Amino acid sequence: MRTLDGIRVLEIGQYIAAPYCAMMLADLGAEVIKVEKPAGGDPRRNYDPLRRSETGSMSGGFLSYNRNKKSVTLDLSDPGDRRRYRALAATADVIVENLRPGAVDRLGLGYETLKSDNERLIYCAISGYGRLPSHRGPYSQRPAFDTAIQAIGGLMAVTGEPDGPPLPTVTGFADVFTAILATVGVLSALQGRERSGVGTFVDQSMYDAVASLLERELMLWDFTKEHRRRGVDRYAPLGALRAQDGYVALILPTQEMWRRLCVAIERPDLLADPHLHTVVQRAENFASRIRPEAEKWTAARTRREIVEHFAAHGLPAGECQTIDELYQCAHLAARRMFLDIDDPHAGLRRMIRTPILTDVYEGPRADSAPQLGADNYLLDDILDTLPGQFVQDLCG
C-alpha cells in the first residue's frame, strides 16, 4: 500500500518541472497518466543519452522524470481529442500542467472549464512567473527555462568564483525545486479537499520558488544593504580544504565552530589572530588565512580521516564526492535511495529515487517510463465509466 493509492493524476507537461512533480506523485502511489501529443510526445523523449532497440528507444533524460507513469496520446488541436481530454479530466483528482501561459485556455481546456465538470479537481499549473490573475506581474507572459530562472531568481548572483562571471548551479535545479514545492501544494490541496469537498488551483511559479530559496541573502540585504560577492558569504565562513584524495567542505558560522576547528587541526594559536576575531573577518579571510593554515593539517590526511576527526570534535564537514562516488555510495545504498529499473530498450538502469521514506507504506515502484501512447486503451475504458448524459453533452 502507498499513500496516494486510488488518486488519479493527469500530467500534461514536458521537459522537467511538471513531469518531476507528477513522478513524485506516482512514486507515492498515484496513477499518473501522461497526456502527450501523438507526433513525438514530450521533447525529452529524444534527448541524449538515448538507447535504442529494434522495437523502440529510451532517453536517460526522459526516464529520470517519467518513471511509473502511463502514456496516452491526444492531439489537442483536434476537437474530438479535446473532448476526450475534457472527459478524462472529469475523472481526475489532480492535473499537473506546465504549458506556456494561456495555451490551455486558448484550447478551451483551462481550469475554469474543467472545474465546471469536476468541482473536486485540483489543478496544479507550473509556470515561469505565475498564472493566477489576481497575482499577475509584469513577467507573467514570459517563457521560462531553468537557467533563465536561476539567473533572474538570484542564484547566479551568488554562485561562481568571486571575480568570475555568474554561473548556474546544477542543471535542472530550478525545475526540480519548483516541482517539489508543486508536489507539496498538491498534497496540501488533497488534504484540504478532504475537509471542504472541493478542489483548488495551485499556482506554482519557478521564479517564486527560486526567490524563496534566497531567503538568507534577501534577509542580509534587508539588514545590511551589502551586495554579496559570488562565492563569498561574509556572515558564514565556508569553503573546501585540500585533502590527500580530494577536498573536504565545511562552514564556520559561529565562534564555537571556529574554536573547534582550531583545536581539531592543532592550531589554537589561530584564535589569537587579530584578523580572525569575528565571523565577518573570518569570512573575508577564509581563502587567504584560514585555508592555507588548515591545509597544513588536512593535506596530509584522507577525506574520510578528516571528516571523522572533525566529527569527533563536533565539527560537521563533508567529503566532496565525485558523481561516480555518489553513484556507488554505500550509505545511499543502505537508505535504498536507488531503483534498479529494467527497461526493454535501455536495459537495466540504476536511478536515484524521490527521497521520501516512511516506515508503514511501500516505497516507489521500479517501473520504467512508458513508450509513447502505450496506454491509449485507457481512454475508451475511462470514457465507459462516465455517465452517458455527460459524454453526450460534451460531444454536443
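Small disclaimer: the values here were computed from a predicted structure and weren't measured.
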Please examine the side chains of [Y] and [X], heavy atoms only from C-beta on, and report whether any two atoms are closer than 4.5 Å.
| X | Y | answer |
| --- | --- | --- |
| L261 | I290 | yes |
| M257 | P316 | yes |
| M156 | P168 | yes |
| T322 | Y327 | no |
| C21 | I126 | yes |

Notebook entry, point to check: Would you say I382 and L114 are hydrophobically clustered, going by side-chain heavy atoms of ILVMFWY under 4.5 Å?
Noted result: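 They do share one cluster, since a chain of ILVMFWY contacts under 4.5 Å joins I382 to L114.
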
I'd like to know if the side chain of [X] reaches the main chain of [Y], judged simply by a donor and an acceptor atom lying under 3.5 Å from each other, with no hydrogens or angles considered.
| X | Y | answer |
| --- | --- | --- |
| R44 | S59 | no |
| D27 | G363 | no |
| D203 | L132 | yes |

Notebook entry, point to check: What are the two closest heavy atoms between S205 and G130, and how far apart are they?
Noted result: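 That would be CB-N, 3.6 Å.
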
Notebook entry, point to check: Which pair of non-hydrogen atoms, one from T91 and one from R8, has the smallest distance, and what is that distance?
Noted result: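 Closest approach of T91 to R8, heavy atoms only: OG1-NH1, 2.9 Å.
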
Check: Listed by chain and number, what are the salt bridge (charged side-chain N to carboxylate O under 4.0 Å, His left out) partners of D208, not counting sequence neighbours?
Finding: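 Per chain and number, D208 pairs via salt bridge (charged side-chain N to carboxylate O under 4.0 Å, His left out) with no residue.
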
Next item on the list: Verify the neighbour count for atom CD of E161: are there more than 12 heavy atoms of other residues, nucleotides or ligands below 6.0 Å?
Entry: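 Counting other residues, nucleotides and ligands, CD of E161 stays at 12 neighbours or fewer.
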
Notebook entry, point to check: Per the side chain to side chain contact (heavy atoms under 4.5 Å, CB included) rule, which among L76, L99, I95 passes with V104?
Noted result: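 The passing option is L99.
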
Check: Between F201 and Y111, how do the two ring planes meet: parallel, tilted or perpendicular, split at 30° and 60°?
Finding: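 Tilted, since the angle between the ring planes falls between 30° and 60°.
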
